[in-house]
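Remarks on the structure that follows.
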Number of protein chains: 2
Amino acid sequence: MSIQPPRPRGPSLNALRAFEASARLGGFTAAAEELNVTPGAVAQQIKNLEDWLGEPLFQRTSQGVRLTALGEATAGRFSDAFDQLGEAVGHLRARASTAQISVAALPSLAQCWLMPRLPALRRALPDLVISVTALEKPPNLIREAFDVSLFFSEAAPGADEIRIAEDRIYPVCAPEVAASVSSVDDLTQVPCLRDGHWQADWQVWLRRAMPDRPIAVTGPQYSLYSMALDAARSGGGVLMGHDSLVAPLIERGELVRLFDLTVPTGRWLTLRTTRPVHPALKRFIDLLAS
Amino acid sequence: MSIQPPRPRGPSLNALRAFEASARLGGFTAAAEELNVTPGAVAQQIKNLEDWLGEPLFQRTSQGVRLTALGEATAGRFSDAFDQLGEAVGHLRARASTAQISVAALPSLAQCWLMPRLPALRRALPDLVISVTALEKPPNLIREAFDVSLFFSEAAPGADEIRIAEDRIYPVCAPEVAASVSSVDDLTQVPCLRDGHWQADWQVWLRRAMPDRPIAVTGPQYSLYSMALDAARSGGGVLMGHDSLVAPLIERGELVRLFDLTVPTGRWLTLRTTRPVHPALKRFIDLLAS
DNA sequence: AAATCGGCATAGAAAATCTATGGTGAAGTG
DNA sequence: CACTTCACCATAGATTTTCTATGCCGATTT
Ligand SMILES: [Mn+2]
Ligand SMILES: [Mn+2]
Ligand SMILES: [Zn+2]
Ligand SMILES: [Zn+2]
């Protein structure tokens, strides 16, 4: 007997989330990455929201978007609201007994630092289901379903962060290659392996090794550090080694250091966690950071 | 060149909203009404959320659902988060210049109180687009896209509420019917029109009119008050009139009062607004409440 | 005993959302 | 100067999500 009228429809929650992420990150492309969709999807969501509202939230320019006054005035409230929503989801996951741990890590850290430690971790924490995702950039832990992230960071550690090790670099190579390099100048005569994402490493080290006389080294480039590392192990050249990643190989004699100069990059291998940290997660990060 | 890994998926925002509404309202059916979907849709959303979580949030019984300990412990945070989200949407709408006003009202109030006032309102506020939705129960103004609601309420007025008039009732009928009713006892001899949602009106009035000797009246029942009112105007019987709704008709002589007894129902015609109240909305409610 | 009330499951329909594509203008590069 | 890159746009079609419809169940009420 009751009337079932067409209630006025509110904006879609996904559209609000797209708006919030775009406002916070300063563009549709960045928001799309965080939301794990294409930029076109974000653009459409925001267009829907603007149509619903009857007013633009972003001013489009050919090199990006800028918030309108309306968008500027309201975006912060949405960030607060979605922060709180993320927190609530965190509590939900924290209290659920199924102990899922999801780790986001830089590909090189995932492969060269975390993977070697995983077997022991899984043995020590057999009740946890640990999954690892390699990402180029640190995820937003409040918004995305990760529990822990593992990246290099320059910033001073915040409340939810633990500095695991300082990032220090030095050249390494296979033992049989070491014989052919006795001075820094010899580096120009051998392939100097590089990682695509850490292009600057060689320059950073060389600036300290040869402050007065700049020299240039060349060599093949790999998109993944682990590939460059494999190349170095098999005698393919000299790699700029990151201490956290190559130390075990030096220990085992698979690689040897060239020269004694160790240069800190100013970054730290930093472990970051979501709030709240539930008991299972606490055990995990305690083991990882020890 | 970058790795595009399958990021762990979070729960859908719609599922979280369904959970929050169900927890707050105590059932899937009530949540479904607020969300404007079928109960089955809510049940599925919540099942998805529970599957994602790996743990139930509600304990199902044959006469409803009850929150589990996990649901109980986390629901409040979601209410807070969605409240904040609703507030943010409110600010968005408030600042958008397109002056849309959406009113939710009890069907009887929509038809018999608001509609007669609308032409003057639209004349006074030509820049506003005013839409009216008839609802049986007051909507949740923080969650739904209404700006104003108009219902009868017993509770003391809150911060966002204005009492417009006390709900007072007395029997009314067409002038030609009035001749046949001279005492309260005569009411048993004429059709006493009733509104399906306000069944108790006659009893409330009769208990005051005849405190010592209970009498019963009978007559046709209408699902909408405006239909009962039409029946009364065309001489179909005696209607229990609500002062706010019948006063103009008495003024115009289309209906006449029987007896002098006016009984307050303890309820008030109450106007409620969302926060924030933007200028256009302020003008609207000022005119309505005056 | 019958009606009512919340639930459940499921299939098919509908709607929302996303991807893919080809296009624009502005800025940077050799 | 061409050439490339970048961020965004529009649109069509695909995909995924969400919803409705239906028949069912057990408890409560009448
Ligand atoms: Mn490197
Ligand atoms: Mn009534
Ligand atoms: Zn918290
Ligand atoms: Zn506010």
Side-chain angles (χ1 to χ4, degrees), chain A residues 1-2 4-52 56-68 71 136-137 145 196 199, chain B residues 1-2 4-52 56-68 71 136-137 145 196 199:
Chain A
M1 285 315 91
S2 72
Q4 186 73 5
R7 294 174 127 132
R9 319 230 334 114
S12 96
L13 295 176
N14 290 331
L16 297 176
R17 176 164 58 181
F19 166 56
E20 189 277 336
S22 300
R24 173 167 42 84
L25 300 171
F28 296 172
T29 305
E33 193 176 330
E34 172 167 306
L35 299 174
N36 225 351
V37 295
T38 56
V42 172
Q44 277 177 96
Q45 291 283 22
I46 288 178
K47 189 171 180 306
N48 289 343
L49 181 58
E50 290 173 326
D51 288 349
W52 173 80
L57 291 163
F58 288 96
Q59 178 191 334
R60 276 79 169 174
T61 76
S62 54
Q63 61 265 35
V65 292
R66 200 179 11 257
L67 282 166
T68 61
E136 297 297 335
K137 288 190 293 186
Q199 298 269 14
Chain B
M1 288 313 94
S2 72
Q4 186 73 4
R7 293 175 132 143
R9 319 236 324 122
S12 95
L13 295 177
N14 290 329
L16 297 177
R17 177 164 57 178
F19 165 56
E20 189 277 334
S22 300
R24 173 166 41 85
L25 301 171
F28 296 172
T29 305
E33 194 177 329
E34 173 168 306
L35 299 174
N36 227 348
V37 295
T38 56
V42 173
Q44 278 175 93
Q45 291 282 23
I46 289 178
K47 189 171 178 309
N48 289 344
L49 181 57
E50 290 173 325
D51 288 350
W52 173 81
L57 292 163
F58 288 97
Q59 176 191 335
R60 275 77 167 176
T61 76
S62 55
Q63 61 265 36
V65 292
R66 199 177 16 255
L67 282 166
T68 61
E136 298 297 334
K137 288 190 294 188
Q199 298 269 13

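Here D:dT17 presents its P atom at 18 Å from CG of A:Asn48, a figure rounded to the nearest Å. Distance CD (B:Gln59) to P (C:dC8): 12 Å, rounded to an integer number of Å. Atom CZ of A:Arg9 and atom C1' of C:dA16 are 10 Å apart (whole Å). In this structure, CG of A:Leu35 is placed 11 Å from P of C:dT19, rounded to the nearest angstrom. Residue B:Glu50 contributes atom CD, which lies 13 Å from atom C1' of C:dG7 at whole-angstrom precision. Following rounding to the nearest Å, B:Asn36 (CG) and C:dA15 (P) show an atom-to-atom distance of 14 Å. Regarding A:Leu16, its CG atom lies at a distance of 14 Å from the P atom of C:dA16, rounded to whole Å. Here D:dA7 presents its P atom at 10 Å from CD of A:Glu33, a figure rounded to the nearest Å.
Among all heavy-atom pairs drawn from A:Ala18 and A:Gln45, the shortest one is CB-CB, 3.7 Å. The heavy-atom pair separating B:Ala15 from B:Leu49 by the smallest distance is O-CD2, 4.0 Å. Pairing each heavy atom of A:Trp52 with each of A:Gly10, the nearest pair is NE1-C, 3.9 Å.
For A:Ser12, no side-chain nitrogen or oxygen approaches OP1 or OP2 of C:dA16 to under 4.0 Å. For C:dG7, the OP1/OP2 oxygens have a side-chain nitrogen or oxygen of B:Thr29 closer than 4.0 Å. For A:Thr61, no side-chain nitrogen or oxygen approaches OP1 or OP2 of C:dA26 to under 4.0 Å. Remark: A:Arg17 is not in phosphate contact with C:dT17, judged by side-chain N or O atoms under 4.0 Å from OP1 or OP2. Between B:Arg60 and C:dC8 there is a side-chain N or O to OP1 or OP2 distance below 4.0 Å. Checking the phosphate oxygens (OP1, OP2) of C:dC18, a side-chain nitrogen or oxygen of A:Gln45 falls inside 4.0 Å.
Comparing C:dG7, C:dC18, D:dC9 by their closest approach to the side chain of A:Val37 singles out C:dC18. For A:Thr38, the side-chain atoms get nearest to C:dT19 when compared with the rest of C:dG6, D:dC9, C:dT19. The listed nucleotides are C:dA16, C:dC18, C:dG7; the one nearest the side chain of B:Val65 is C:dG7. Of the candidate nucleotides C:dA26, C:dA11, C:dT19, C:dA26 has the atom lying nearest to any side-chain atom of A:Gln63.
Residue B:Glu20 holds its CD atom at 7.0 Å from CD of B:Glu34, rounded to the nearest 0.5 Å. In this structure, the separation between CG on A:Asp51 and CD1 on A:Ile46 is 12.0 Å, given to the nearest 0.5 Å. Distance check, rounded to the nearest 0.5 Å: CZ of B:Arg60 to OG1 of B:Thr68 gives 9.0 Å.
Contacts of A:Arg66 with the nucleic acid, taken as non-hydrogen atoms under 4.0 Å apart, are absent. Residue A:Gly27 is in sugar-phosphate contact alone, with no base atom involved, counting any heavy-atom pair closer than 4.0 Å across all strands shown. If you check every strand for non-hydrogen atoms under 4.0 Å, A:Ala43 touches sugar and phosphate atoms only.
For the pair A:Asn14 and A:Phe28, both in contact range of DNA chain D, the more 5′-proximal nearest nucleotide belongs to A:Phe28. Each of A:Ser62 and A:Gln44 has a nearest nucleotide on DNA chain C; the 5'-most of these lies closest to A:Gln44.
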